[in-house]
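A short worksheet on the structure shown next.
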Amino acid sequence: MNKKADAIIIGAGIIGACTAYELAKMGYKTLSIDKITSAGEGSTGNSCAIVRAHYSTRDGVAMAYEGFKYWMDWENYLGNVKDEKGFAKYMNTGSILIKSQGHDWRKVLKHYKDVGVPCEEWDIGTLKEKVPVYDTHEHWPVRRPEDPAFYEEPTQEVEGAVFCPGGGYVNDPALSTHNVQRATEAKGGEFMFNAEVVEIRRDDKKVLGVTLKDGTQIDAPIVLNAAGPHSFLINRMADVEKGMNIKTKALRHEVHHVPSPEGYDYLNDGYHTSDGDIGCYYRPEVGNMFLVGSEDPACDPQEWIEDPDDFYSGSTNVVTDPQWKAQVYRLAKRVPDLQIPNQPRGVCDLYDCSDDWIPIYDKSDLKGYYMAIGTSGNQYKNAPVVGAMMADLIAYCEKGKDHDKDPFQFKMRYTGIPINVGFFSRLREINPDSSFSVNG
């Protein structure tokens with residue numbers, strides 16, 4: 001007899017784990033399946049885990065602001081469950097958005113005010129006072145060190161910054177996912193690791209379950225694809241891509257670690273900063289380091305990965321000297337006293353990107369098959385919100401409602417702000433308001 005579950009979640013990263021948790025709280029017998037050894041150890045574990053509210057769309061800002069509430073009350077969200085590994089911590093540094101030509105910060109500010117996100121506008125003097133190691137010159141447009149114009153002396157200054165006191169980062173994204181695993185198990189959910197899904201079983205009308213690489217068949221009327229960079233492969237197994245206008249693919253990305261200037265306690269006194277003027281984001285890291293990544297300016301090449309498994313085998317998941325120089329040298333324009341080491345140090349992993357860099361939170365044309373994909377790099381902060389939203393969306397659709405024709409309206413639990421979940425539809429057109437970039 002086949003093993004049975006009410007809902008199978010493919011992927012035990014932060015998005016899949018939070019959705020499993022919310023479904024388990026609703027009474028579903030959930031089974032989370034992942035091919036790796038433990039929860040959150042895939043691309044989630046290498047996330048920068050930045051929590052910030054600035055997005056190019058109102059829906060993005062509203063969801064991220066809701067997410068603040070979960071991270072600031074993390075153990076209560078988990079139901080005060082015990083975890084033998086301890087608990088992840090939210091480092092509430094505050095978040096700086098540099099007013100630059102690289103960001104439509106005026107639109108962000110409008111969304112902040114519309115949603116009710118607490119924020120402050122800083123002039124140049126305030127920015128220099130708050131972060132004395134920052135040079136406030138403008139370096140736009142973003143260039144790479146191999147461009148001779150990269151070394152031209154700047155003549156103007158940026159306009160200032162928008163500061164959001166609720167922003168920050170989570171100190172251990174893998175641990176945060178393990179915390180959610182334990183909370184899910186306390187509600188009756190199960191997790192299966194070292195288990196690879198090789199088939200989505202279906203008939204002409206509905207999903208039937210999955211088959212694992214070892215031949216095990218598991219039956220379930222609900223299957224959720226939360227497989228991160230592998231999401232496009234899972235969708236092809238389910239044969240649902242033909243019913244999607246927006247699809248996903250895997251993008252290789254690097255972040256790097258650089259020592260803070262001597263005498264500056266960036267770990268305790270620094271802020272997460274989004275800096276479109278140099279095409280980078282950065283936040284404090286253990287060891288008094290700057291953790292710096294690219295915001296995908298036009299000059300930075302993008303490397304799309306055909307086979308995520310080949311990447312994880314070790315062939316392409318190492319940092320490269322050209323990209324390290326690009327990100328670190330650009331950061332040194334903002335932080336002139338940055339200590340640049342001789343050897344590159346950093347982390348490389350895969351993003352799961354949709355065609356317009358906005359996630360797909362949706363049903364599919366196959367009854368019972370759902371998707372929480374296109375999330376890597378920018379949705380870690382939203383995971384608890386997404387879990388609640390996806391669980392409610394699944395319940396809505398399983399009651400026979402047609403989400404395509406009558407999109408589910410999700411009311412966020414802390415702020416009460418409504419979200420039209422159709423915004424994240426697989427059937428949407430590419431959203432021109434997207435930034436087509438990420439703070440990973």
Side-chain angles (χ1 to χ4, degrees), residues 50 52-56 61 93-113 117-168 256 258-267 269-284 289-300 325-340 435-439:
I50 291 167
R52 45 93 184 181
H54 57 268
Y55 274 84
S56 57
V61 169
T93 62
S95 184
I96 294 171
L97 175 65
I98 300 291
K99 291 182 176 180
S100 73
Q101 297 185 59
H103 278 296
D104 192 347
W105 59 268
R106 293 176 182 83
K107 181 187 292 185
V108 171
L109 196 58
K110 177 181 179 297
H111 293 325
Y112 276 2
K113 292 177 179 178
V117 179
C119 64
E120 304 169 12
E121 287 194 74
W122 289 355
D123 59 20
I124 290 296
T126 304
L127 180 58
K128 288 179 177 179
E129 176 189 346
K130 297 290 187 180
V131 198
V133 296
Y134 285 5
D135 180 286
T136 56
H137 281 99
E138 183 182 64
H139 301 282
W140 184 262
V142 182
R143 297 183 173 95
R144 294 175 66 84
E146 52 266 33
D147 182 345
F150 182 87
Y151 301 95
E152 293 176 356
E153 290 295 324
T155 58
Q156 301 183 59
E157 290 192 302
V158 296
E159 294 186 58
V162 178
F163 176 65
C164 177
H256 303 114
V258 196
S260 176
E262 189 173 347
Y264 179 62
D265 189 358
Y266 185 56
L267 180 62
D269 297 337
Y271 304 85
H272 158 250
T273 302
S274 178
D275 192 342
D277 182 57
I278 61 168
C280 290
Y281 61 87
Y282 32 99
R283 71 154 174 84
M289 295 277 185
F290 276 76
L291 187 158
V292 55
S294 169
E295 291 191 343
D296 293 281
C299 62
D300 281 1
K325 283 182 178 177
Q327 293 175 187
V328 172
Y329 285 20
R330 291 202 297 250
L331 177 59
K333 287 177 173 287
R334 183 68 62 223
V335 187
D337 294 329
L338 194 70
Q339 300 182 69
I340 300 180
S435 67
F436 297 91
S437 64
V438 75
N439 268 222

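No experiment lies behind these values; they were computed from the predicted model shown.
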Contact summary for [X] and [Y], nearest pair of heavy atoms:
X      : Y      : value
Gly276 : Trp140 : O-CZ3, 3.6 Å
Ile96  : Ala161 : CG2-CB, 3.7 Å
Gly279 : Pro297 : O-CD, 3.8 Å
Cys119 : Pro165 : CA-CD, 4.2 Å
Gly293 : Gln327 : CA-NE2, 3.6 Å

Working to the nearest 0.5 Å, report the span between [atom1] of [X] and [atom2] of [Y].
X      : Y      : atom1 : atom2 : answer
Trp105 : Glu159 : CH2   : CD    : 5.0 Å
His272 : Ser95  : NE2   : OG    : 4.5 Å
His54  : His103 : NE2   : NE2   : 5.5 Å
Phe290 : Gln339 : CZ    : CD    : 10.5 Å
Asp296 : Tyr281 : CG    : OH    : 8.5 Å
Tyr134 : Asp275 : OH    : CG    : 7.5 Å

Are any of the side-chain heavy atoms of [X] and [Y] separated by less than 4.5 Å?
X      : Y      : answer
Arg334 : Tyr282 : yes
Asp104 : Ser56  : no
Lys99  : Trp122 : no
Pro154 : Glu138 : no
Cys280 : Leu331 : no
Arg144 : Asp300 : yes

For Lys107, does the NZ atom have more than 12 heavy-atom neighbours from other residues, nucleotides or ligands under 6.0 Å away?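 More than 12 within 6.0 Å, yes.
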Atom CD of Glu146 with >12 non-hydrogen neighbours under 6.0 angstrom: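 For Glu146, atom CD is crowded (more than 12 foreign heavy atoms under 6.0 Å).
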side-chain contact (heavy atoms from CB on, under 4.5 Å) partners for Asp135, two or more places apart: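 Result, side-chain contact (heavy atoms from CB on, under 4.5 Å) vs Asp135: His137, His139, Pro336.
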In this structure, which one of Thr273, Val162, Ile278 forms a side chain to side chain contact (heavy atoms under 4.5 Å, CB included) with Ile98?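 The side chain to side chain contact (heavy atoms under 4.5 Å, CB included) with Ile98 is passed solely by Thr273 among Thr273, Val162, Ile278.
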When you check the gap from the basic side-chain N to the acidic O, do Lys333 and Asp277 get nearer than 4.0 Å?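 Looking at Asp277 together with Lys333, the answer is no, because their closest N to O distance does not fall below 4.0 Å.
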Start with the C-alpha distance between Arg283 and Thr93, add both sets of side-chain angles, then the distance that settles side chain to side chain contact (heavy atoms under 4.5 Å, CB included), and finish with yes or no. CA-CA 9 Å; Arg283 71 154 174 84; Thr93 62; over 6 Å; no
Give every donor-acceptor pair under 3.5 Å between a side-chain atom in residues 125-133 and any protein atom, sequence neighbours left out.
residue, atom, partner, partner atom, Å
Thr126, OG1, Asp123, OD1, 2.9
Lys128, NZ, Glu157, OE2, 3.3

Side chain to side chain contact (heavy atoms under 4.5 Å, CB included) between Cys164 and Val117, intermediate numbers included: CA-CA 8 Å; Cys164 177; Val117 179; 3.8 Å; yes
